[in-house]
Number of protein chains: 2
Amino acid sequence: MDDVDRQLLVLLQQDAAQSYAALGQAVGLSAGATHERVRKLRERGVIRRTAVEVDPAAIGRGVLAFVMVDSTKWVGDSGDRFAAIPEIQEAHVIAGSAAVLVKVRTATTEQLQDVLRRIYAIDGVSGTQATVVLETFFERPVTP
Amino acid sequence: MDDVDRQLLVLLQQDAAQSYAALGQAVGLSAGATHERVRKLRERGVIRRTAVEVDPAAIGRGVLAFVMVDSTKWVGDSGDRFAAIPEIQEAHVIAGSAAVLVKVRTATTEQLQDVLRRIYAIDGVSGTQATVVLETFFERPVTP
DNA sequence: ATTGAAAGCTTTTTACT
DNA sequence: AGTAAAAAGCTTTCAAT
């Protein structure tokens with residue numbers, strides 16, 4: 001992982017649809033060498049995948065909320081229970097009490113309420129504290 | 001936005017590097033028609049961009065935390081102040097008091113502390129409450 | 001809006017440095 | 001690791017439906 005790799009990652013986070021020739025020109029390498037470096041970044045798992053980024057509002061997910069979930073039992077192995085709720089975009093085990101922090105996207109606040117109901121139905125969950133987002137300043141890739 | 005468009009979005013969120021021929025086969029369309037649909041999804045802004053997804057730990061961002069930021073003044077136009085801190089991956093204005101919720105990725109907890117210091121330095125910020133993530137269950141695309 | 005095919009690039013491989 | 005060039009494959013455009 002040198003400077004060129006880091007530069008390539010930044011460029012590919014901005015636009016993964018550009019050609020290796022263009023990428024190579026930007027970092028001062030031939031298309032072939034650029035291709036080989038990107039291939040290795042994938043192989044080593046630094047690049048996990050290439051994906052399109054979708055506007056949440058355009059697909060009926062205009063409401064964003066973060067929900068703190070409290071539990072009376074150990075939550076370390078209940079990831080699947082959260083994954084089973086499709087409106088949950090992220091779920092993290094957090095420090096403090098037995099707790100999980102989830103990021104939820106729904107079409108309406110009514111649907112958000114329904115997601116909270118389904119979270120409550122998870123075994124051991126003793127409480128939720130939802131925080132609704134009014135405006136997203138930015139969401140951006142993590143730069144190296 | 002019909003069912004085929006939604007299917008295409010799901011497939012492209014999983015792997016945007018596949019060919020239009022493969023995509024078309026999956027949804028029962030020719031490569032040309034698939035290309036045209038994807039082009040329109042881009043044009044309409046449903047697809048924002050194509051990007052690689054990078055493993056945060058591999059680029060020295062193994063520590064993840066969510067930080068609630070309280071402020072004594074209106075925060076609606078201080079997005080740039082948060083954007084100026086590169087370790088902040090997301091920043092959202094949240095309901096409740098004058099507050100912002102940010103997602104931070106750093107290499108170490110010492111660096112996290114330094115980010116908190118820089119957040120405190122933002123005009124009007126009166127307090128922060130950091131929650132460190134112990135384990136990420138999942139982070140996934142929003143499905144239509 | 002979709003098809004099928006042609007033209008023009010890109011990726012991917014290979015031989016060489 | 002990098003370069004350069006060839007082969008294979010893909011994107012993009014276009015006439016037709």
Side-chain angles (χ1 to χ4, degrees), chain A residues 1-62 86 107 139-144, chain B residues 1-62 86 107 139-144:
Chain A
M1 260 288 261
D2 60 3
D3 260 352
V4 173
D5 282 341
R6 274 183 280 272
Q7 257 188 286
L8 287 172
L9 288 176
V10 170
L11 291 166
L12 287 169
Q13 280 176 332
Q14 285 161 5
D15 178 13
Q18 61 193 307
S19 70
Y20 289 116
L23 276 172
Q25 191 148 53
V27 300
L29 277 169
S30 71
T34 306
H35 178 258
E36 180 63 8
R37 273 178 179 263
V38 174
R39 193 192 63 72
K40 281 177 186 159
L41 286 169
R42 278 182 205 283
E43 191 184 58
R44 281 161 36 208
V46 177
I47 292 175
R48 284 182 170 150
R49 59 174 177 170
T50 305
V52 297
E53 211 182 278
V54 172
D55 175 17
I59 57 170
R61 288 272 155 70
E139 284 181 297
R140 63 189 179 192
V142 283
T143 45
Chain B
M1 261 286 260
D2 60 4
D3 261 351
V4 173
D5 282 341
R6 273 183 282 271
Q7 259 187 283
L8 286 173
L9 288 177
V10 171
L11 291 167
L12 287 169
Q13 280 175 332
Q14 284 160 7
D15 178 14
Q18 62 193 306
S19 71
Y20 288 115
L23 276 172
Q25 191 149 55
V27 301
L29 247 70
S30 72
T34 306
H35 178 259
E36 179 64 9
R37 272 177 181 264
V38 174
R39 194 194 60 73
K40 279 177 188 159
L41 285 169
R42 280 183 203 284
E43 190 183 57
R44 279 159 39 206
V46 177
I47 292 175
R48 286 181 170 153
R49 59 173 175 170
T50 305
V52 298
E53 211 182 278
V54 173
D55 175 17
I59 56 170
R61 288 273 155 73
E139 285 182 295
R140 62 188 180 193
V142 283
T143 45

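Note on naming: letters A, B, ... go to the chains in the order of the sequence lines (proteins, then strands), and numbering restarts at 1 for each one.
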Note, V10(B) side chain near Q7(B) side chain (heavy atom, < 4.5 Å):
no

Expected list for residues 6-22 of chain A near DNA chain D, using heavy atoms below 4.0 Å, is none

Got a sec, which residues hit side chain to side chain donor-acceptor pair (under 3.5 Å) with R140(A), two or more places apart in sequence or on another chain?
none

Taking atom C1' of dC10(D) as reference, at what distance in whole Å does atom CD of Q25(B) sit?
15 Å

What parts of residues 44-52 of chain B reach DNA chain D, counting only heavy atoms under 4.0 Å away?
none

Is the shortest heavy-atom distance from the side chain of R37(B) to the side chain of T34(B) under 4.5 Å?
no

Test item: L11(B) and V27(B) side chains (from C-beta on) under 4.5 Å apart, heavy atoms:
yes

Extract from the structure each pairing of a protein N or O with an N or O of nucleotides 2-8 of chain C at less than 3.5 Å, listing the distance.
unit_1 : atom_1 : unit_2 : atom_2 : d
dT2(C) : OP1    : R37(B) : NE     : 3.3
dT2(C) : OP1    : R37(B) : NH2    : 2.8
dT3(C) : OP2    : S30(B) : N      : 3.0
dT3(C) : OP2    : S30(B) : OG     : 2.8

H35(A) vs dT11(C): side-chain N/O to OP1/OP2 distance below 4.0 Å
no

Flag side-chain contact, heavy atom, 4.5 Å: D15(B) against R49(A):
no

Could you state the atom-to-atom distance from CZ of R39(B) to P of dT13(D) in whole Å?
8 Å

Sidechain N-carboxylate O distance under 4.0 Å for E36(B), R39(B):
yes

Using the test side chain to side chain donor-acceptor pair (under 3.5 Å), find all partners of E139(B) that sit at least two apart in sequence or belong to another chain.
K103(B), R105(B)

Do other residues, nucleotides or ligands put more than 12 heavy atoms under 6.0 Å from the CD atom of Q25(A)?
no

Bracket string, DNA chain D, 5' to 3' - pairs by Watson-Crick or G-U geometry under 3.5 Å, | interstrand
|.|||||||||||||||

